[in-house]
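Reviewing the structure listed below.
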Amino acid sequence: MSFLEIRNLTATLSNGMPILRDVSLSVAAAEVRGLVGESGAGKSMIGKAILGILPRSVRITRGEIRLDGTDLLALPPAERRRRIGQSCALIPQDPLTALNPSRRVGPQITDRLVDILGWTRSNAEARARDLLAEVQIPEPERVMRSYPHELSGGMRQRILIASAFAAEPKLIVADEPTTALDVTVQKQILKLIAGMQARHGTALLFVTHDLGVVSKVCQRLSVLYAGMVVEDTDVRGFFSAPDHPYSRALLAATPVYTDPEASLTPVPEAVITAVRAEVAAADRRAGRG
Amino acid sequence: MADLYTIENLRLSLADMTRRPLLGTAPQLEILKGLNFSIPKGSVMGIVGGSGSGKSTLGRAMVRLLEPSSGQIRFDGQDIAHLSDRELRPLRRRFQMIFQDPLSSLNPRHTVGTLIAEPLRLHGFDDVQGRVGRALDHVGLPRSFLTRYPHELSGGQRQRVGIARAIAIEPDFILADEIVSGLDVSSQAQVLRLLEDLVRELGLTLAFISHDLSVIRRLCSRVLVLYRGEIVENRETAALFAAPEAPYTRELLSAIPLPDPDQPWG
Amino acid sequence: MLDGRSQIKRRAGLRLWLSAGWLVLLVLVALLAPMIAPKNPLEQDLFAGRLPPFWVSGADPSFLLGTDSLGRDVLSRILHGARLALTVALVSGLATCLVGATLGLMAGYLRGWVDVVISRLIDIWMAFPPVLFSILLIAVIGPGLGSIILAIVIIDWTRFARVVRAEAMAQGAMDYVASARIAGRGRLGIMLREILPNVLPTIVVLLTLEMGIAVIVEAILSFVNLSISTDDPTWGGMIAEGRASIHQAWWVLVFPLITLFFTVLSFSQLGEGLKDRFDPVLR
Amino acid sequence: MIVLRALLSRLVMTAITLFGVAVIVFVTIRVVPGNPIAMMLPPGATPEDVANLTALYGLDKTIAEQFLIWGQGVLAGDFGTSITTRQPVLDLVLGRLPATLELSIMALVMAMLIGGVAALTGTRLRGTRTEGGIDIANGMALSVPDFLWGLILILLFGVLAPIFHISGRITPSLDLPFVTNFYLFESLLRLRFDLWADIVSHMFLPALALAIPLSAIIGQLLKQSLKETMHLDYITLARTKGYGENHIILREALRNAILPTLTLVGVQFTFLIGGTVIIERLFSYEGLGNMAIDAVINRDLPLIQGIVILFAVIFTGVNLIVDLTYALLNPRLRHA
């Protein structure tokens with residue numbers, strides 16, 4: 001039984017414009033699932049829907065999000081928030097704004113353990129030190145007492161990763177965790193996340209626009225266009241022969257320095273019109289359904 | 001073939017705003033630490049480096065948005081490093097720039113038509129409307145865009161308006177500062193293909209600043225690798241990708257995740 | 001539920017029409033005061049002193065809103081007072097805006113010593129309580145319409161300068177200013193063509209706000225009887241007299257106060273409403 | 001070390017501001033078309049009466065000389081003597097200052113309470129009709145000045161429903177055991193709650209009149225700052241940790257949202273003190289502002305100068321304190 005089960009998830013903006021169109025996908029325990037698509041494709045909306053942090057203007061109109069068997073959308077808000085707090089975690093995109101500037105780093109890791117999971121302060125602090133060591137942060141003690149502005153971007157991202165894994169969540173959503181970083185730092189962070197995911201056996205939902213990152217980190221991936229899943233397959237199969245024409249065009253448009261002539265071919269107009277027709281068909285079906 | 005740009009011992013320091021005390025003056029931070037290189041006419045020079053490498057500052061110094069602390073910037077033989085605004089004005093037409101954030105580089109209050117026509121009027125071009133129309137055609141935008149406002153366009157479309165504005169004035173040199181980083185893969189490919197055609201068609205000389213070596217591989221004939229304000233490698237593109245010499249270049253190349261699960265990613 | 005943006009538009013539209021409506025009414029009243037005022041605002045009738053408004057017992061219906069302690073008709077004085085209020089509002093509002101916005105724009109964009117001097121002036125001006133400064137100026141240059149307007153300009157230019165300077169500085173950092181420099185545009189051209197159009201919405205809001213404030217400053221000055229010659233009908237003068245005889249004749253204070261309240265409110269809401277109109281994104 | 005250098009340059013700027021204010025007020029008064037002395041003497045005064053009075057106040061010298069003499073005096077703490085009351089300006093001014101300070105502080109506290117509650121409620125109930133209501137109320141409170149609110153409050157609570165006093169600072173008949181002029185604080189220290197209640201009843205309406213516009217400014221600034229903070233990643237992260245909205249607003253967002261608002265409250269506080277001038281007149285409250293108006297009407301030059309300088313000192317002092325608290329509260333600067 002897969003750990004996370006999303007069925008027919010549909011969401012719209014307050015003006016009725018659909019954001020997610022009948023999204024269904026399942027993530028097995030300890031699986032790394034990529035969510036790929038261009039901006040506006042709705043990939044991070046799915047992550048936000050699971051974690052209950054959708055912007056106010058977006059409303060879920062249909063569908064289920066089953067975590068470990070329980071449909072989160074059916075739970076009352078307080079109960080749903082507590083359940084997410086206990087079993088899910090987020091690795092955010094921009095390390096510079098993801099730590100509260102006027103609080104020390106330590107409490108920002110231990111607060112969830114103490115307040116939500118009911119650990120004792122000493123256990124929580126010990127846990128925080130272990131995790132900081134695991135993400136190769138020197139002198140965890142000093143770092144826990146320091147303020148975010150005293151640390152580099154790369155260091156802060158490591159702290160956020162440690163904080164996410166500290167609560168032993170069953171599911172982690174990583175929302176473009178390395179987009180804001182230099183490519184050299186990105187490599188270390190991606191390797192770190194992959195390593196910890198394997199060690200802790202956490203299901204990881206990896207949201208990114210970069211197909212290169214997906215090929216290195218994920219086992220399965222879903223390709224999204226305009227809030228609709230156009231392809232859902234395993235990584236090896238996808239990169240050898242992507243099934244959907246839009247996926248193929250996306251892969252061909254990605255810059256690759258080992259093959260300059262073929263890469264960076266713009267997505268053909270025909271492919272765009274075809275996938276838009278598919279979306280329109282889905283809307284009509286949903287309209288009648 | 002003569003060089004359009006020759007840079008000698010270029011140094012530039014700026015006030016470090018992050019460590020500015022409550023009221024005193026901020027300490028000076030040296031960003032460019034003595035750069036020497038030249039850009040042949042008609043070539044496309046790639047400038048790559050991580051954040052804090054000084055690539056953007058170098059670009060802004062080359063088009064004299066910033067005045068360097070010392071050193072020479074010879075444009076077509078003439079040193080423009082320390083010219084005053086007035087002396088620069090006649091030269092301005094010959095070196096133009098396209099910016100990374102299309103939203104902040106197009107004045108929200110002006111229509112696309114005005115944005116492209118303004119520099120033409122400033123430099124006394126004739127047949128301004130005709131030139132604006134042709135510039136739009138060149139970048140593949142319909143004439144109906146003339147009366148549209150920047151906030152009504154997509155990222156890719158706005159970037160094309162930026163390109164149209166730069167080429168309309170028929171410059172000798174264009175600086176493109178991370179112009180595709182903010183775009184989606186599909187519009188990125190379109191904009192880069194457009195730029196390639198324009199360089200060939202108009203015989204432009206281009207400096208292309210980017211943090212993405214894969215983009216540079218396709219577009220540029222030479223590559224300059226910057227690391228903390230110093231040039232660590234300045235090579236012809238194919239040679240650099242075949243056998244990178246500087247350790248930092250090797251590290252940059254090996255860090256790029258190619259869309260291929262079997263690629264060894266050390 | 002209405003989409004967020006159209007709800008804002010609906011409320012902004014309402015706000016715009018109500019405030020514009022009141023101000024248009026005020027302009028008409030100011031222009032036609034002599035024709036439409038039932039009585040001569042200066043004519044005193046000691047036997048008809050402190051008559052209540054028409055709906056209160058003991059009222060004289062010909063004095064619709066009652067009379068003050070000297071028997072002068074409250075309604076007529078309010079109508080004539082509108083003329084002075086509007087003149088002060090429009091003239092000093094525009095003059096203050098012109099001076100303050102120009103200095104603010106120069107300080108914000110040119111920076112350098114211009115910015116240092118203007119910022120220092122702003123600091124000094126802000127150390128002066130505005131009301132005290134205005135009273136001092138009027139006492140020095142003598143009462144009269146011209147001196148009130150001059151005093152308001154001298155005191156309130158910093159309100160524009162401070163805000164416009166901050167906004168011009170923020171605009172200065174935008175890439176479209178850099179691209180204007182690349183295109184070879186001079187500093188004056190950049191200030192007028194690139195920065196001013198983006199600062200205009202804020203200036204409009206400040207301008208209408210300033211008009212409201214000008215009316216208040218005039219009211220305060222006549223409250224401490226430093227305004228025009230005393231017998232000319234001014235709202236401030238009426239309020240001062242109303243305050244003194246508040247227990248005997250509350251209406252002498254209430255009606256000019258209500259008029260002043262709606263005028264000031266309309267000026268500020270007009271500004272907010274116009275600002276939405278100016279912003280192409282919202283339009 | 002850096003903080004010391006910053007403090008020094010801040011003090012230099014404060015000195016320049018004070019000097020500027022002194023020059024302006026000094027010159028403005030003396031550029032009077034007529035002779036100030038002539039205006040004060042009874043009509044029958046002879047020319048030499050005018051002459052020796054002018055000499056007495058040194059008005060025969062050039063403005064620059066007068067400024068120097070006056071400047072040296074001020075630095076030595078001697079602000080000259082008031083023309084109308086013959087008493088030293090410093091004593092007069094310091095005598096009335098406590099009343100104005102108490103009124104301003106009371107108004108500030110009220111403004112922060114009202115503004116704070118409005119901002120927090122508005123943030124907590126984002127998107128609801130209540131938030132709309134708060135915004136409209138805020139808009140009105142902001143655009144209508146303290147002068148009008150004072151009049152409205154006089155009408156409402158002085159005449160219509162007389163709950164509060166509408167003039168004076170304390171019921172004159174009461175015998176006052178006070179040593180200082182800080183009636184409000186001293187009555188508390190002496191545990192004289194009867195007197196305290198009477199004083200508060202006199203101060204409530206003028207303080208509220210001053211507080212309403214300021215509360216709207218604080219309310220709007222804090223709400224805007226909170227709104228921006230609520231969009232940041234560490235807030236989203238806190239939600240995924242399972243914390244409720246109230247905890248997030250109070251424990252995570254508020255402390256960062258307050259900082260920018262604090263500096264602007266400092267600036268607005270000085271406008272508040274300026275506002276006391278007309279409000280004290282309206283409520284005939286014996287503070288510095290009221291005295292200032294009389295001083296101007298009576299052309300009492302030394303007294304006017306003394307009051308204006310004192311206001312300027314308060315303004316620059318408050319700004320200095322605000323800058324320093326901002327530096328202390330903001331962890332980034334604390335380690336500068």
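Of the possible donor and acceptor atoms, one in the side chain of Asn107(B) sits under 3.5 Å from a partner among the backbone N and O of Glu194(C). Remark: side-chain polar atoms of His123(B) are paired, donor with acceptor, to backbone N or O of Ala183(C) under 3.5 angstrom. With Arg89(B) contributing its side chain and Gly184(C) its backbone, the two residues share a donor-acceptor pair below 3.5 Å.
Atom CZ of Arg120(C) sits in a crowded spot, with more than 12 heavy atoms from other residues, nucleotides or ligands closer than 6.0 Å. In the displayed structure, Phe262(C) atom CZ is contacted under 6.0 Å by at most 12 heavy atoms of other residues, nucleotides or ligands.
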Apply salt bridge (Lys or Arg N to Asp or Glu O under 4.0 Å) to the pair Asp175(C) and Arg158(B), showing each step before the final yes or no. CA-CA 13 Å; Asp175(C) 283 343; Arg158(B) 273 190 229 118; over 6 Å; no
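Contacts of Arg86(B) with chain C are absent, with no heavy-atom separation under 4.5 Å from either backbone or side chain. Heavy-atom distances place the backbone of Leu106(B), and not its side chain, under 4.5 Å from chain C.
Minimum heavy-atom separation, Tyr176(C) to Ser105(B): CB-O, 3.5 Å.
Contact of the Leu122(B) side chain with the Arg193(C) side chain is not registered, since no non-hydrogen atoms from C-beta on lie closer than 4.5 Å. In this structure, the side chains of Met174(C) and Pro108(B) stay at 4.5 Å or more apart for every pair of heavy atoms.
For the atom pair Arg109(B) CZ and Asn198(C) CG, the distance stands at 5.0 Å (nearest 0.5 Å).
Interface remark: of the candidates Ser179(C), Ala180(C), Gly186(C), Gly189(C), Ser179(C) forms the most heavy-atom pairs closer than 4.5 Å to chain B.
Between Arg185(C) and Glu118(B), at least one side-chain N (NZ, or NE/NH1/NH2) sits under 4.0 Å from a carboxylate O, which counts as a salt bridge.
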